[in-house]
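Below is one structure, written out as structure tokens, with a few remarks after it.
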Amino acid sequence: MQDRVYKQVVILSGKGGTGKTTLAAVLSSLLRNKVIVDCDVDAANLHIALNPVVNKSFEFSGSKKAEIDTENCSKCGLCESLCRFDAIGAFSVNPAACEGCGLCFRACPSDAVIFQDVQTGKYYESTLSDGTKLYYAKLNPGEGNSGKLVTEIKKLAVKNILDDIQWMIVDGPPGIGCPVNASIASADFAIIITEPTVTGIHDLKRIITLLNKFRIKYGIVVNKYDINGKETGAITAYAFEENIPILGLIPFNNKFKDDFISGISFNNVVSGIREPIDGIKTKMMQCLSIPFN
Ligand code: SF4
Ligand code: SF4
């Protein structure tokens, strides 16, 4: 197998709303020859900030659902009595309630249950104004199997990668669940972004346990470090004790959030936080032993 040239960096956080997507967007804008993959498939929003043109879209099927073929149904009622999700009534399946367990399909004595793949989301290949490819996905509300969808978009991004690509920046899902496992697969480095709160440090430690299991190198970014000096101190002390690099501290910036909400262009919005994130880029390259550019 040929060694890949590019480095894959995944950005993680314990919960949503910690600045993960902003960091992914700004860091990407500071790197040359990159592709960006938004793996936060339950709440994708990088494409909203970066406003790409969609080149291709793909259907994603993350589950199967049952349907009753009324012509073959003998109305014995067995499926309704077996379905523990109460998804069957009057010899018809409510697709919103069907969990796709397949029990009715297997049990029906008349082969009257159709059990097939259904579309539960879409994923996209898109291009930013500077030619960078952005891959992202949207899972339909309430649908599961987001880990499988993350794997699909990463696979698509890797398949289409060009020889001159040096970076794959992955905006990971929040938390430590299955989609996070899928997003960190093959990563060279993880940036964990956290906020200085008691729950922030707790979430941080859970992600670190996961990354240690996968043997992935990582560093920490503290966002809004200036809103709670005590907790920022606790995070930096913990990092020092555990020999984990602090990649950077980002100050609280209320104007930034307001600008984003008002739809001001991305490049103007990020002007105030570009500098600390440039420092994070430099530290990340040090950790990866890459000369700065
Ligand atoms: S088990 Fe089959 S035959 Fe019986 S009610 Fe359900 S679909 Fe109809
Ligand atoms: S597949 Fe499972 S959840 Fe769906 S209707 Fe059949 S028994 Fe109920």
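Just follow the structure's listing: the first ligand is 1, and inside any ligand the first atom is 1.
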What is the nearest protein non-hydrogen atom to [atom], stated with its residue, atom name and distance?
atom: atom 2 (Fe) of ligand 1; answer: C108 SG, 2.4 Å
atom: atom 8 (Fe) of ligand 1; answer: C73 SG, 2.3 Å
atom: atom 4 (Fe) of ligand 1; answer: C76 SG, 2.3 Å
atom: atom 5 (S) of ligand 1; answer: G77 N, 3.3 Å

Aromatic rings H47 and Y136: how do their planes relate, parallel, tilted or perpendicular, breaks at 30° and 60°?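 Correct class here is parallel.
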With F189 via ring-ring contact (aromatic ring centres under 6.0 Å, His included) - residues at least two apart: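 Once residues adjacent in sequence are excluded, F189 has no partner under the ring-ring contact (aromatic ring centres under 6.0 Å, His included) criterion.
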Counterpart residues, salt bridge (charged side-chain N to carboxylate O under 4.0 Å, His left out), relative to K64 (two or more places apart): D117
For K34, enumerate each residue passing the salt bridge (charged side-chain N to carboxylate O under 4.0 Å, His left out) test, keeping only those at least two apart in sequence or located in another chain.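 Scan of K34 (salt bridge (charged side-chain N to carboxylate O under 4.0 Å, His left out), adjacent residues dropped) gives D130.
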Exercise: do T21 and N45 side chains pair donor with acceptor under 3.5 Å: yes
Could you state the interatomic distance from SG (C287) to CG (D188), rounded to the nearest 0.5 Å?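 Here the rounded value is 12.5 Å.
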Taking atom CD of Q119 as the centre, report whether more than 12 heavy atoms of other residues, nucleotides or ligands fall under 6.0 Å from it. yes
Please determine whether the number of non-hydrogen atoms from other residues, nucleotides or ligands lying under 6.0 Å from atom CG of D163 exceeds 12. no
Which atoms of ligand 1 are found less than 4.0 Å from any heavy atom of F91? 5 (S)
With heavy-atom distances below 4.0 Å as the criterion, list the atoms of ligand 1 near S74.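 Heavy-atom distances to S74 below 4.0 Å select 3 (S), 8 (Fe).
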Could you tell me whether atom 6 (Fe) of ligand 1 has an N, O or S atom of C79 under 2.8 Å away? yes
Salt bridge check, D171 against K20: does any charged N sit closer than 4.0 Å to a carboxylate O? yes
Which option, T70, D69, V113, owns the non-hydrogen atom nearest atom 7 (S) of ligand 1? V113
Could you walk me through whether R215 and N212 satisfy the side chain to side chain contact (heavy atoms under 4.5 Å, CB included) test, starting with their C-alpha distance in whole Å, then the side-chain angles of each, then the deciding distance to 0.1 Å, before giving a yes or no? CA-CA 5 Å; R215 301 170 82 84; N212 285 340; over 6 Å; no
For atom 4 (Fe) of ligand 2, check which protein N, O or S atoms are under 2.8 Å away and list them. C98 SG
